[in-house]
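The structure appears right after this line, and notes come after that.
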Protein chains: 2
Amino acid sequence: MSTRDAKLERAREEFVAQWGAMGSQWGINRTMAQIHALLMTAVEPMNTDEVMEELQISRGNAHSNLKELVAWGLLRVVVKKGERRDFFEAEKDVWQIFTIVTRERKKREIDPALSVLQRCAEETRDLESSEAVAFHAQMRQLEEFVGFASKVADRVGSMKHGFAVQMAAKLFI
Amino acid sequence: MSTRDAKLERAREEFVAQWGAMGSQWGINRTMAQIHALLMTAVEPMNTDEVMEELQISRGNAHSNLKELVAWGLLRVVVKKGERRDFFEAEKDVWQIFTIVTRERKKREIDPALSVLQRCAEETRDLESSEAVAFHAQMRQLEEFVGFASKVADRVGSMKHGFAVQMAAKLFI
DNA sequence: TCATATTTTCAGTATTGAATGAAAATTCAA
DNA sequence: TTGAATTTTCATTCAATACTGAAAATATGA
């Protein structure tokens, strides 16, 4: 049994480490991604000290990233009876995770872009030089596209899993 | 006329600065995003010195980011007759930009994730403890989802603009 | 070929964002 | 209340990444 447990342990450690490394790529910080990976593959909810111990990180770091993950909705706080400390458990449903991440990324990546583009388009709407007209047209095109992306993100983010799968199947497979 | 040119100039500077700031959010470095913004709104192709001058950046920085943008396919090198220096012009078509960015992001964000998940699933395929089974199932679910995302990215990235718009219209508007 | 223009490299420096850890604040049971 | 357990904050430190600028390499044309 110990060989097999070791195998699992290794695989899990690899997952946590790699998922963390990929976090950076995704605009999510490494620790945050690691904690999420750790809890996604945890059998039981974990408390702050367990997370610190497992990932070898400081209390402050564990605390702030746990907080952030709860704020995103990727973790839930669980109260254990007879326990004073907070325990955390991860959202494990893949579609849920996806919609949450979609919402967050839209907020951070799409919405600000859209408002910049709207502003720049607005500010040059009445100019008449050919350069200004070209600039304005470029802003409008970008605005239209990003606006569309924003709508797509909203729709996808609020779809039920089943519907998404069904729709996707028609389109892409 | 000078008032109006000033307006345009201000709007363009705002666009370049903000697009640059958003680059970070997007996992693209600030200078790279700024150069792209600058050239997307340039009437004529620009050379390295002009970019350096406009953005107040060093030659090395300008050089490496111009190179990177060319590698992505977001800029093209233009040879001007009677000019020894390279000039750069941006891809301005929004759909082209989108497909290029989609391809890059897939390469950096989706493909590595998929291979981690496949490996972790594979490594735990034969284990029998309930924890291992749960872990394996979780990896498989993630793998399935990310694999699907990978397909979607491929399809979208190779669609023609017209088709994408048509399809999107049906789905989302 | 040689001199000059241009591009490329890269060691050193700066900037930014994340992590630490200890102190302060809060919570809770007795 | 009180004091121990727990959470939260935040000034400082650290690490990763981006940027600089000058030197080396390369290309051009006289």
Side-chain angles (χ1 to χ4, degrees), chain A residues 16-39 45-72 75-89 104 108-109 112, chain B residues 16-38 45-72 75-89 104 108-109:
Chain A
V16 170
Q18 295 287 93
W19 206 249
M22 294 212 352
S24 348
Q25 223 62 2
W26 279 69
I28 288 164
N29 86 44
R30 206 185 71 230
T31 306
M32 195 168 149
Q34 281 184 347
I35 294 177
H36 184 236
L38 183 71
L39 282 162
M46 295 173 74
N47 63 40
T48 304
D49 289 80
E50 288 165 348
V51 170
M52 287 166 61
E53 168 63 21
E54 195 76 48
L55 300 178
Q56 295 291 308
I57 58 176
S58 71
R59 183 172 303 285
N61 193 12
H63 173 77
S64 61
N65 285 293
L66 284 165
K67 264 303 169 74
E68 187 73 2
L69 283 162
V70 170
W72 278 44
L75 298 185
R76 279 178 293 274
V77 177
V78 175
V79 189
K80 279 197 181 183
K81 58 187 171 190
E83 271 285 3
R84 205 155 137 183
R85 290 169 295 181
D86 283 348
F87 284 72
F88 301 89
E89 78 178 359
E104 282 303 321
R108 297 194 297 159
E109 299 181 0
Chain B
V16 170
Q18 295 288 94
W19 206 248
M22 294 212 354
S24 347
Q25 222 61 3
W26 278 69
I28 288 164
N29 85 45
R30 206 186 70 229
T31 305
M32 194 169 149
Q34 281 184 347
I35 294 178
H36 184 237
L38 183 70
M46 295 172 74
N47 62 41
T48 305
D49 290 79
E50 287 166 349
V51 170
M52 288 166 62
E53 168 64 21
E54 195 76 48
L55 300 179
Q56 295 291 307
I57 59 176
S58 72
R59 183 171 303 284
N61 193 12
H63 174 77
S64 61
N65 284 293
L66 284 165
K67 263 305 169 74
E68 187 73 2
L69 283 162
V70 170
W72 279 45
L75 297 185
R76 278 179 295 275
V77 177
V78 175
V79 190
K80 278 197 182 181
K81 58 188 170 188
E83 270 284 3
R84 211 153 132 180
R85 289 169 295 181
D86 283 348
F87 283 72
F88 301 88
E89 79 177 358
E104 283 301 323
R108 297 195 295 160
E109 300 181 1

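Worth saying up front: this structure is predicted, and the values here are computed from it rather than measured. Just so it is clear: chains get the letters A, B, ... in the order the sequence lines come, proteins before strands, and each one is counted from 1.
At whole-Å resolution of the value, CG in Leu55(B) and P in dC19(D) are 11 Å apart. Atom CH2 of Trp26(B) and atom C1' of dA18(D) are 21 Å apart (whole Å). Going from atom CZ of Arg85(B) over to atom C1' of dT8(C) covers 17 Å, rounded to whole Å. Here the C1' atom of nucleotide dG17(C) and the CE atom of Met32(A) are 15 Å apart, to the nearest Å. Between the CD1 atom of Ile57(B) and the P atom of dT15(C) there is a distance of 16 Å, rounded to whole Å. Taking atom CD of residue Gln25(B) and atom C1' of nucleotide dT17(D), one finds them 16 Å apart after rounding to whole Å.
In this structure, the side chain to side chain donor-acceptor pair (under 3.5 Å) partners of Asn29(A), at least two apart in sequence or on a different chain, are Asn65(A).
In terms of position along DNA chain D, the nucleotide closest to Thr48(A) lies nearer the 5' end than the nucleotide closest to the other residue of the pair Thr48(A) and Arg30(A). Place Asp49(A) and Ile28(B) on DNA chain D by their nearest nucleotides, and Asp49(A) ends up nearer the 5' end.
With contacts defined as side-chain heavy-atom distances shorter than 4.5 Å, the pair Trp72(A)/Met32(A) qualifies. Using a 4.5 Å heavy-atom cutoff, the side chains of Met22(B) and Ile28(B) are not in contact. Val77(B) places a side-chain heavy atom less than 4.5 Å from the side chain of Phe88(B). Counting heavy atoms from C-beta outward, Val70(B) and Leu66(B) have side chains that stay 4.5 Å or more apart.
At least one donor-acceptor pair closer than 3.5 Å links the side chain of Glu50(A) to the backbone N or O of Asn47(A).
The structure places CZ of Arg30(B) at 9.5 Å from CD1 of Ile57(B), a figure rounded to the nearest 0.5 Å. Note that CD of Glu104(A) is 7.5 Å distant from CD of Glu68(A), once rounded to the nearest 0.5 Å.
At the heavy-atom level, Ser24(A) lies nowhere under 4.0 Å from the strands shown.
Within 6.0 Å of atom CD in Glu53(A), 12 or fewer heavy atoms from other residues, nucleotides or ligands are found, so the atom counts as exposed in its surroundings.
The stretch residues 62-71 of chain B comes close to DNA chain D through Asn65(B), each having a heavy atom under 4.0 Å from the strand.
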Inset, instruction - Treat primed atoms plus P, OP1 and OP2 as sugar-phosphate and everything else as base, then score nucleotides 21-30 of chain C 5' to 3': B for base contact with protein heavy atoms under 4.0 Å, S for sugar-phosphate contact only, - for none. - result: B-----BB--

